[in-house]
Amino acid sequence: MAEDPITGLVLAGGAARRLQTAHPGADKGLLPLAGRPLIAWVIDNLAPQVQSLVISANRHLDDYHQLGHLVLPDLLPDLLPDMPGPLAGIHAALSVCHTEWLAVAACDTPFLPPDWVARLQHVLTGSNAPIAYAHDPEQPHPLVALLHRNLLPSLDAFLKAGNHRVRQWYGQHGARAVPFPDPQAFQNLNTPEEWQAAEGRLSPPADPRPSS
């Protein structure tokens, strides 16, 4: 568990557009992966690393409530129609965050390292930067991040100005990229092929013993 109290946020408020061909109307976080809702794998990873956990969702709220955590829809639907992206979910979580830090993970990243929150916090300790995010040898992962709660006024103004790009807002605050060695740990599931590969990684091996 990280040294300072941290609230965890799992982002499940998106429209899952790239999965709609295979799963029309899909709510990605609730789709079954190896026998469990996809989001359950991320909750299992994040919950031991934080003091409390919330879920950002805009559909099927009752289904998400059954997972045992506070569910937060976006707070600015009139100003930002058509699901403006993950910053709206972060905005909702910062609005109720009572800890100094908010750890953010997307609901489609089931293989995250077990200590990623502490590793991001370690980089920010003694730093003036209010945001850190993961970066593997191949690409950044801005939705695996740690943010200070004092960022709420800045994010509120950014969204109300009609902006929604995560890395643009991060850049305004000197966000720190934190290196992680394994790209597979940050795989997110956007296509049926990626989903099938993840099923193979998470499903238990078949029992080699012959049935009686």
Side-chain angles (χ1 to χ4, degrees), residues 1-14 29 39 42-43 45-58 64 69-76 79-80 83-109 112-136 139-180 185-186 188:
M1 185 174 291
E3 294 179 359
D4 295 333
I6 293 175
T7 300
L9 166 65
V10 182
L11 293 167
I39 192 174
V42 183
I43 290 173
N45 171 274
L46 184 54
Q49 302 185 67
V50 297
Q51 280 64 41
S52 61
L53 192 146
V54 298
I55 297 169
S56 164
N58 290 300
Y64 283 112
H69 299 283
L70 178 66
V71 179
L72 302 171
D74 295 348
L75 297 179
L76 304 172
L79 289 174
L80 301 163
M83 298 184 187
L87 285 182
I90 294 172
H91 174 268
L94 287 174
S95 298
V96 301
C97 185
H98 298 296
T99 59
E100 288 292 307
W101 298 97
L102 179 72
V104 178
C107 72
D108 62 350
T109 51
L112 292 173
D115 61 346
W116 66 267
V117 175
R119 291 167 71 175
L120 295 184
Q121 189 178 33
H122 177 74
V123 169
L124 292 180
T125 299
S127 166
N128 291 325
I131 305 171
Y133 62 93
H135 197 304
D136 69 34
Q139 61 182 325
H141 298 280
L143 297 184
V144 180
L146 186 66
L147 306 94
H148 197 274
R149 67 176 180 180
N150 288 349
L151 290 166
L152 177 59
S154 166
L155 182 54
D156 187 72
F158 186 79
L159 291 171
K160 288 178 177 177
N163 303 304
H164 61 87
R165 296 184 182 277
V166 176
R167 295 184 69 181
Q168 179 185 354
W169 183 63
Y170 280 14
Q172 293 179 5
H173 295 282
R176 297 282 301 275
V178 179
F180 285 78
F186 299 93
N188 51 7

Asker: Give me the atom names and distance for the closest heavy-atom approach of A103 to W116.
Answerer: CB-CH2, 4.1 Å
Asker: Identify the residue among L70, L9, I43, L72 that makes a side-chain contact (heavy atoms from CB on, under 4.5 Å) with I55.
Answerer: I43
Asker: Step through the shown structure and confirm whether more than 12 heavy atoms of other residues, nucleotides or ligands are within 6.0 Å of NE2 on H122.
Answerer: no
Asker: So how far is it from S154 OG to H173 NE2, rounded to the nearest 0.5 Å?
Answerer: 2.5 Å
Asker: Using the rule side-chain contact (heavy atoms from CB on, under 4.5 Å), only one of D108, L11, L87, N188 pairs with L143; which is it?
Answerer: L11
Asker: Judged by modelled atom types alone, do H91 and D156 share a side-chain donor-acceptor pair under 3.5 Å?
Answerer: yes
Asker: Is the side chain of D74 donor-acceptor paired with the backbone N or O of A92 at a distance under 3.5 Å, no angle test?
Answerer: no
Asker: Of the non-hydrogen atoms in T7 and C97, which two are nearest, and what is the gap between them?
Answerer: OG1-SG, 3.7 Å
Asker: Whether the side chain of R149 engages the backbone of L102 through a donor-acceptor N/O pair (distance < 3.5 Å, no angle test) should be reported.
Answerer: no
Asker: Can you sort out the partners of H148 under ring-ring contact (aromatic ring centres under 6.0 Å, His included), two or more places apart, ordered by chain and number?
Answerer: W101
Asker: If you look at every heavy atom in Y64 and G29, which pair is closest and at what distance?
Answerer: OH-CA, 3.4 Å
Asker: Is any side-chain heavy atom of L155 closer than 4.5 Å to a side-chain heavy atom of W169?
Answerer: yes
Asker: Taking C-beta and beyond as the side chain, do V166 and P86 meet within less than 4.5 Å on heavy atoms?
Answerer: yes
Asker: Check whether more than 12 heavy atoms from other residues, nucleotides or ligands sit under 6.0 Å from atom CG of N150, and answer yes or no.
Answerer: yes
Asker: Hey, does I6 have a side-chain heavy atom less than 4.5 Å from the side chain of Q49?
Answerer: no
Asker: To the nearest 0.5 Å, what is the distance between CD on Q172 and CG on N163?
Answerer: 7.5 Å
Asker: Looking only at heavy atoms, which two atoms of V42 and C107 are closest? And how far apart?
Answerer: CG2-O, 3.4 Å
Asker: For P73 and V71, which heavy atoms make the closest approach, and how far apart are they?
Answerer: CD-O, 3.7 Å
Asker: What is the distance from atom CG of L159 to atom NE2 of H164, rounded to the nearest 0.5 Å?
Answerer: 10.0 Å
Asker: Angle between ring planes, F186 versus F180, binned at 30° and 60°: parallel, tilted or perpendicular?
Answerer: perpendicular
Asker: Kindly give the heavy-atom pair with the smallest separation between A129 and S127, and that separation in Å.
Answerer: N-OG, 3.0 Å
Asker: Check whether any side-chain heavy atom of L147 sits under 4.5 Å from a side-chain heavy atom of Y170, and report yes or no.
Answerer: yes
Asker: Measuring only between side-chain heavy atoms, which start at C-beta, is R167 closer than 4.5 Å to P140?
Answerer: yes
